[in-house]
Amino acid sequence: MKTLLSLFAIVCTLTFSQAQSDGVTVSVTIENVLNNEGTLLAGLHTAETFMKAQGIKTASTAAKKGAVTLTFENVAPGSYSILVLHDANGNNQMDFEANGMPKESYGTTGEMTLYGPPTFEATAFTVAQKDVSHNIRF
């Protein structure tokens, strides 16, 4: 029985250590953070989750005036987009003015439109075998 448990432990260790090294690192530097209030929230999205649900991976950090970098580890090859929100008041959601305009800074990879919400197609990037980095300017 000890041998069987030892073998199981070794297989689990090898499996989990391999799983942790699969994929690449995707980093995003958020430029022009205006103040130290609240939190920066970021989501790594597929076409299925973009603007519909929480990202397949999320990252957050305390806001810091200037530039802040967040990373997503072990990202499998595919097509993704990153959405970032400066949640200044800490309520974990984007707040809007009465006219529907956002009150808090936000950004995404790729091209942002001046009017209307971003689309996955305009903001998508490809992950292959090498680490990827992007800049988003508020």
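Small disclaimer: the values here were computed from a predicted structure and weren't measured.
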Calculate, to the nearest 0.5 Å, the distance between atoms OG1 and CD1 belonging to T69 and I30 respectively.
7.0 Å
Roughly how far, to the nearest 0.5 Å, is CG of L83 from OG1 of T109?
7.5 Å
If we only count heavy atoms from C-beta on, is the [X] to [Y] side-chain gap below 4.5 Å?
{"X": "Y106", "Y": "M112", "value": "yes"}
{"X": "V75", "Y": "K57", "value": "yes"}
{"X": "V33", "Y": "K64", "value": "no"}

Donor-acceptor contact present, side-chain E37 to main-chain A88, <3.5 Å
no
Check whether D87 reaches the backbone of N92 with its side chain - one donor and one acceptor, N or O, closer than 3.5 Å.
yes
Mind listing the closest non-hydrogen atom pair of [X] and [Y] along with its distance?
{"X": "A124", "Y": "S79", "value": "CB-OG, 3.8 Å"}
{"X": "K65", "Y": "N36", "value": "N-OD1, 2.6 Å"}
{"X": "H45", "Y": "A53", "value": "CE1-O, 3.1 Å"}
{"X": "L85", "Y": "F138", "value": "C-CZ, 4.4 Å"}
{"X": "K103", "Y": "E97", "value": "CG-OE2, 3.3 Å"}
{"X": "I82", "Y": "A42", "value": "CG2-CB, 4.5 Å"}

side-chain contact (heavy atoms from CB on, under 4.5 Å) with Y80: which of V132, I56, V26?
I56
Linked, directly or transitively: [X] and [Y] (ILVMFWY side chains, under 4.5 Å):
{"X": "F50", "Y": "L70", "result": "no"}
{"X": "F125", "Y": "V28", "result": "yes"}
{"X": "L41", "Y": "I136", "result": "no"}

Answer yes or no: does atom CD of E111 have more than 12 heavy-atom neighbours from other residues, nucleotides or ligands under 6.0 Å?
no
Contacts satisfying side-chain hydrogen bond (donor to acceptor under 3.5 Å, both in side chains) that involve residues 118-138 (not counting sequence neighbours) are E31-N135, S81-T123
